[in-house]
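These notes are about the structure you will find just below.
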There are 2 protein chains.
Amino acid sequence: MNIKDVADRSGLPAKTIRYYEEIGLIRPLRAANGYRSFRESDLHKLTFLSRARSLGFSIEDCRTLLALYEDRARASADVKAVANAHLARIAEKIAELRAMEAALRHLVGACAGDARPDCPILAGLETGLPQTGQTGSGGTR
Amino acid sequence: MNIKDVADRSGLPAKTIRYYEEIGLIRPLRAANGYRSFRESDLHKLTFLSRARSLGFSIEDCRTLLALYEDRARASADVKAVANAHLARIAEKIAELRAMEAALRHLVGACAGDARPDCPILAGLETGLPQTGQTGSGGTR
DNA sequence: CTTGACCTTCCCGTGACTGGAAGCCCTATA
DNA sequence: TATAGGGCTTCCAGTCACGGGAAGGTCAAG
């Protein structure tokens, strides 16, 4: 198979496949004309990589997972450990984003969004964020 | 003020402050010896930037927000629009991460995590993800 | 023999910095 | 006065995971 074939079948752009070769994730053969020649096993790996990446695993995680994938003597515990570490990172990111979302939503909720210049969003960015709002109806400042 | 002072007071690394000057977010004065000389207004801007960045606004968003911050004739609606667009991006990212989390949690839940090589996580990455599990008790492969 | 699709390598750009090298400036102390 | 230290400067390279595009080789069809 040429690169376009495996690109179409794995769902990865040809550019990405070349990159994966460059960083040593795959090692396709070469035809006499210099073209990459992909085996079924290469296609399997690329599909694997495509899916692992879509779950947010880093390239280094993918390298590890791919090694485990190819190691018939692996322990599923090793795979699970990588996955759990990644789950933890995902949870962390979600928590960060939710904190941002809450703080920003709070500011947005306080902003009239009209033609006047008074803006609690800018005020919040100026003076230090959420502080549980409650600027008071009298609004100091 | 020298760069270290504004770094300490704004919470931004000196490197970042130099970078922000390079991309035109701030324009500190220069002393005779070539050192950057920061005014109070520069410090305000840096603090503003630090907070906006911590809410996840992109540098380009920050540029826009900073311009609005400095424009006394601004309409709060313009600020709110930027903030709402960012809120939408945050919500989108959270949704993506949650989808990853759900898919991965599903796989992890099915994995024994012991010394044996059989691993539903690797199987899931190989064959195409969630498919509501149910590999059948006979377990092909 | 030309067209057009495919393939190759190489280099630059992305976002938002971070690290480090090489070298100037300033203050304090011996 | 010499020196040690800390701070400041610029510039270059690296990060992560690619994507865009140039310049040029290859192949099958008409």
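Using a cutoff of 4.0 Å between basic side-chain nitrogens and carboxylate oxygens, A:Arg18 and A:Glu21 are not scored as salt-bridged. Between A:Asp118 and A:Arg116 there is no salt bridge, since no side-chain nitrogen of the basic residue lies less than 4.0 Å from a carboxylate oxygen of the acidic one. With salt bridges taken as basic N to acidic carboxylate O contacts below 4.0 Å, none links A:Glu92 and A:Arg89.
By the 4.5 Å heavy-atom criterion applied to side chains, B:Ile17 and B:Arg36 are not counted as neighbours.
Straight-line distance from the OH atom of A:Tyr19 to the P atom of D:dG19: 10 Å, rounded to whole Å. Rounded to an integer number of Å, the gap from A:Asp5 CG to C:dA5 C1' is 13 Å. Per the geometry, CG belonging to B:Asn2 stands 13 Å off C1' belonging to C:dT27, to the nearest Å. Between the CG atom of B:Leu25 and the C1' atom of C:dA16 there is a distance of 11 Å, rounded to whole Å. Protein atom CD1 of B:Ile26 is 12 Å distant from nucleotide atom P of C:dC17, rounded to whole Å. For the pair A:Ile23 CD1 and D:dG19 P, the interatomic distance rounds to 12 Å; values are reported in whole Å. Taking atom CD on A:Glu60 and atom P on D:dC16, their separation rounds to 8 Å, with Å as the unit. Between B:Arg89 atom CZ and C:dG15 atom P there is a gap of 13 Å when expressed in whole angstrom units.
Each of A:Phe57, A:Tyr69, A:Tyr20 was checked for a ring pair (Phe, Tyr, Trp, His ring centres under 6.0 Å) with A:Phe48, and the lone residue meeting it is A:Tyr69.
Closest to the side chain of B:Ser58, from the set C:dT9, D:dA17, C:dA16, is C:dA16. Comparing D:dA17, C:dA16, C:dC7 against the side chain of B:Arg53 picks out C:dA16 as the nearest. Side-chain proximity of B:Arg18 to the nucleotides D:dT9, C:dT9, C:dC17 is greatest for D:dT9.
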Should A:Glu126 and B:Arg51 be marked as a salt bridge (charged side-chain N to carboxylate O under 4.0 Å, His left out) after you check the CA-CA gap, both sets of side-chain angles, and the distance that decides it?
CA-CA 8 Å; A:Glu126 187 184 10; B:Arg51 296 196 170 123; over 6 Å; no
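Map A:Ile59 and B:Lys4 each onto its nearest nucleotide of DNA chain D; the residue landing nearer the 5' end is B:Lys4.
For A:Thr16, no side-chain nitrogen or oxygen approaches OP1 or OP2 of D:dA17 to under 4.0 Å. For A:Arg36 and C:dT8, the shortest distance from a side-chain N or O to OP1 or OP2 is below 4.0 Å.
Across all strands, A:Ile3 comes closer than 4.0 Å only to sugar-phosphate atoms, never to a base (heavy-atom distances). Using a 4.0 Å heavy-atom cutoff across all strands shown, A:Tyr20 reaches sugar-phosphate atoms only and no base atom.
Side-chain N or O atoms of B:His86 include none that pairs as donor or acceptor with a backbone N or O of B:Asp61 at under 3.5 Å.
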For every nucleotide of nucleotides 19-25 of chain C, 5' to 3': is a protein heavy atom under 4.0 Å from its base (B), only from its sugar-phosphate (S), or from neither (-)?
BB----B
